[in-house]
2 protein chains.
Amino acid sequence: MSVTIKDIAKSAGVSYSTVSKALLNSPLVKDDTKRKIVAIAQELGYQPNAAARSLVSKKSNTIGVVWPNVERDVHAALITKINKRLEEHNYTTLMSINNISDAVNTFNRFQVDAILVFDGDGKTDYFSSTVPVVVYGLAKHENPYPVVDVNRKFAIKNAVHYLNRMGHNKITYIGDLPSDPFQVEKVIGFKQALHECQIENHPNSLISVGGMDQYDGYMATKKLLETEKPTAIICGSHDLSKGVLRAVSENNLKVPDDISIISYDNLPHKESEGGNKPISIVGVPLDKITDKLTEILIDLVNKKEVEDSIMLSPELNITNSCKPINIDKKLSL
Amino acid sequence: MSVTIKDIAKSAGVSYSTVSKALLNSPLVKDDTKRKIVAIAQELGYQPNAAARSLVSKKSNTIGVVWPNVERDVHAALITKINKRLEEHNYTTLMSINNISDAVNTFNRFQVDAILVFDGDGKTDYFSSTVPVVVYGLAKHENPYPVVDVNRKFAIKNAVHYLNRMGHNKITYIGDLPSDPFQVEKVIGFKQALHECQIENHPNSLISVGGMDQYDGYMATKKLLETEKPTAIICGSHDLSKGVLRAVSENNLKVPDDISIISYDNLPHKESEGGNKPISIVGVPLDKITDKLTEILIDLVNKKEVEDSIMLSPELNITNSCKPINIDKKLSL
DNA sequence: TTGAAAGCGGTACCAT
DNA sequence: ATGGTACCGCTTTCAA
């Protein structure tokens, strides 16, 4: 059995309520005694029993994160950051990869202070929780918990409008078309924007990839460039864009002189990756997402009111991967 | 506040100890009473308080999994499986992505019944736990906890010997050379096997990749085939091999007629991926790993003795991606 | 078959 | 400044 405050009390020759106070650094205990007690606790390898503590204090200082599909690593970076932010607020993060409803039940039993649910596919079943919950996922939810979402449609629209203002009117979107609702949003945004900009469709307006890997972006672009070269490409994701860049360079095209590229992304591209310069991206920066989520979790714990549904707006982060269309060239088309 | 057994007791008109027994399906309670109590519990949405329960029973029926680097998804499939297996044994899995020592402390406070540590980089710091621990990682550890490891060196050796018996003596290993200890093991195995088989080095015996993605395998193989074609390739990982296959097919080489391929892997390749037939693999099957880990965790919970260090042996899973070298061709070399 | 009561390891209040 | 004690929600004797 592990060490309890009573063991410490015995060893220190004080009552166990004094030990409790000392360990909580209460001003009601003489510094001298405090030091002695802390030393003994250290030596004995004392770890406060979370069960006992949360039983009486009705607080566990723990946040539960539900992440039903670990294999989809889109959320890994998010979770890592949130974990760090919560740590700064003295909260411990516990994760579950069970289905949402089981995971939420587990966290309820463990009396976590709040729960963050990653809704991977936008098709969350109904679940109920006595502990406050926030969902990161699709905003259109029937469930009664606040949702944080990211405006993917608007992001892609932004990209198109930006390119259009620079004179581009032959733009290709490379992404996963018939996939989950998240990808669908991007495609819708693309189509709407084309319409708004009165850009005509060309045969390669939309290129569908087989998967979301770098590799898929590479193959799709290779094929695209065999037939027809757009003046600009918008990529549906970070990974895809890496492959796109590679294929473009293999075709001896220079970015941005021969072709402009914008990628949907939440993480800035690192200089090192693929030896390429960073490329222009549009999306909600990761920090914006994690900060919002952390803020809401803390608010929930403190029983503050939080908004029902929050749609985070994307930012357009332009580097040197886009260029106005040359007027002469444009006229000659 | 959430529902407690006292609420149920009041509503059912019985003592709360009866409720406790009823909910645990004790034979000491009349079936009639039991049914009534269970019904009321249901209706009230009762969730047993894990803190209170584990405080008295000194069991939480929970296993803690420490996974310090979520961003490296090598372990995702493992964790998903283990989670499922433990569920079958009525254990709940809780994960932490903190550093090992903090995570272990958290789980100690929460009184989990056992802890599984994924040692991502083979450089685990010292940590101590009052709760039993098993580590999945490098076998050569100074820490006092049982370790499960996978014999990567032997796996690659197996592959080389197998190919050699089929007449191959110009074999290329494509993998990450100066990387973590796990990759190093494979390279060592390769070199030792070459020596044992008295195969001479050729300039492209070892090809180093920049990363461990499909893409890296593709690029490395492309470059390799520009210069010199081995009769067989051994790939260091699942992802790499996907790229290797692609590059090989682009060079109009047929597997296994023109070139033999074996990949290190724990998961069999799916037929669908890349439209290729499954390729021969060598490694410890995923199920073997998860079964062992689950078994040890359950043993630890039940205070059975477990071995200090377990090295799982790889299996060679041959499909149609390897072929004996044509004798004529071999003689003509 | 049911109820009463002790106690798990802490916190927090009241008394000393 | 320290000690005594009630109590958090539950399991588990023991008595009725």
Side-chain angles (χ1 to χ4, degrees), chain A residues 1-38 40-41 44-62 105-113 130-131, chain B residues 1-38 40-41 44-62 105-113 130-131:
Chain A
M1 210 39 245
S2 38
V3 188
T4 75
I5 46 171
K6 295 189 183 171
D7 299 321
I8 300 176
K10 208 170 292 173
S11 166
V14 295
S15 80
Y16 74 85
S17 59
T18 304
V19 174
S20 171
K21 286 172 209 151
L23 261 20
L24 291 174
N25 199 16
S26 155
L28 298 175
V29 180
K30 218 188 349 179
D31 274 2
D32 234 25
T33 332
K34 219 184 267 183
R35 264 194 294 278
K36 192 169 76 183
I37 291 175
V38 170
I40 295 178
L44 265 41
Y46 170 75
Q47 288 281 356
N49 182 320
R53 184 174 270 182
S54 80
L55 187 56
V56 51
S57 67
K58 282 154 171 355
K59 271 260 306 176
S60 61
N61 268 284
T62 303
N105 279 341
T106 301
F107 286 137
N108 272 278
R109 287 201 305 275
F110 274 87
Q111 308 257 90
V112 300
D113 298 332
T130 60
V131 167
Chain B
M1 208 40 241
S2 38
V3 187
T4 75
I5 47 171
K6 293 188 186 173
D7 300 321
I8 301 176
K10 207 170 293 173
S11 166
V14 295
S15 80
Y16 73 85
S17 60
T18 303
V19 173
S20 171
K21 287 170 204 152
L23 260 21
L24 292 174
N25 199 17
S26 153
L28 298 175
V29 180
K30 221 192 339 184
D31 275 359
D32 236 22
T33 332
K34 219 184 269 185
R35 264 194 296 278
K36 191 170 75 184
I37 290 175
V38 170
I40 295 179
L44 265 42
Y46 170 74
Q47 289 281 356
N49 181 319
R53 184 173 270 182
S54 80
L55 187 56
V56 48
S57 67
K58 280 150 171 0
K59 271 261 305 175
S60 60
N61 268 284
T62 302
N105 279 343
T106 301
F107 286 137
N108 271 278
R109 286 203 304 276
F110 273 89
Q111 306 259 86
V112 300
D113 297 333
T130 60
V131 167

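Sequence lines set the chain letters: A, B, ... in the order given, protein chains first and strands last, and positions in each chain run from 1.
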Worksheet entry | Sugar-phosphate only, base, or nothing, as touched by A:Ser54 at under 4.0 Å among non-hydrogen atoms |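 Nothing: the residue A:Ser54, judged by heavy atoms under 4.0 Å, touches no strand.
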
Worksheet entry | Below 4.0 Å: OP1/OP2 of C:dG9 and any side-chain N or O of A:Arg53 |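 The answer is no; no side-chain N or O of A:Arg53 sits under 4.0 Å from OP1 or OP2.
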
Worksheet item: Given D:dG9, C:dC8, D:dA1, which nucleotide is nearest the side-chain atoms of B:Lys58?
Response: C:dC8

Separation of [X] atom [atom1] from [N] atom [atom2], in whole Å?
| X | N | atom1 | atom2 | answer |
| --- | --- | --- | --- | --- |
| B:Tyr46 | D:dG9 | OH | P | 10 Å |
| B:Lys34 | C:dT1 | NZ | P | 9 Å |
| A:Lys30 | D:dA1 | NZ | P | 8 Å |
| B:Leu28 | D:dA15 | CG | P | 15 Å |
| A:Asn49 | C:dG7 | CG | P | 18 Å |
| B:Gln111 | C:dG9 | CD | P | 8 Å |
| B:Leu24 | D:dT12 | CG | P | 7 Å |
| A:Lys59 | D:dG9 | NZ | C1' | 19 Å |

Side-chain heavy-atom pair [X], [Y] within 4.5 angstrom cut-off:
| X | Y | result |
| --- | --- | --- |
| B:Ile37 | B:Thr18 | yes |
| B:Arg35 | B:Asp31 | yes |
| B:Asn49 | B:Thr4 | no |

Worksheet item: So does A:Lys21 reach the base of C:dG10 with its side chain, donor to acceptor, closer than 3.5 Å?
Response: no

Item to complete: Please identify each residue that fulfils side-chain hydrogen bond (donor to acceptor under 3.5 Å, both in side chains) with B:Asn108, with sequence neighbours left out.
Response: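 Partners of B:Asn108 under the side-chain hydrogen bond (donor to acceptor under 3.5 Å, both in side chains) test: B:Ser129, B:Thr130.
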
Fill in: Full working for side chain to side chain contact (heavy atoms under 4.5 Å, CB included) between A:Ile40 and A:Tyr46
CA-CA 9 Å; A:Ile40 295 178; A:Tyr46 170 75; over 6 Å; no

Practice prompt. For DNA chain D, determine which residues of residues 6-20 of chain B have any heavy atom closer than 4.0 angstrom to one of its atoms, and list them numerically.
Written response: B:Tyr16, B:Ser17, B:Ser20

Worksheet item: For DNA chain C, whose closest nucleotide is more 5', that of B:Ser57 or that of A:Val56?
Response: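 So the residue in question is B:Ser57.
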
Item to complete: Any chance you could measure A:Ser2, atom OG, to B:Arg109, atom CZ, to the nearest 0.5 Å?
Response: 12.5 Å

Practice prompt. Give a yes or no on whether A:Lys10 atom NZ has more than 12 heavy-atom contacts from other residues, nucleotides or ligands under 6.0 Å away.
Written response: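 Open: at most 12 neighbouring heavy atoms sit under 6.0 Å from NZ of A:Lys10.
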
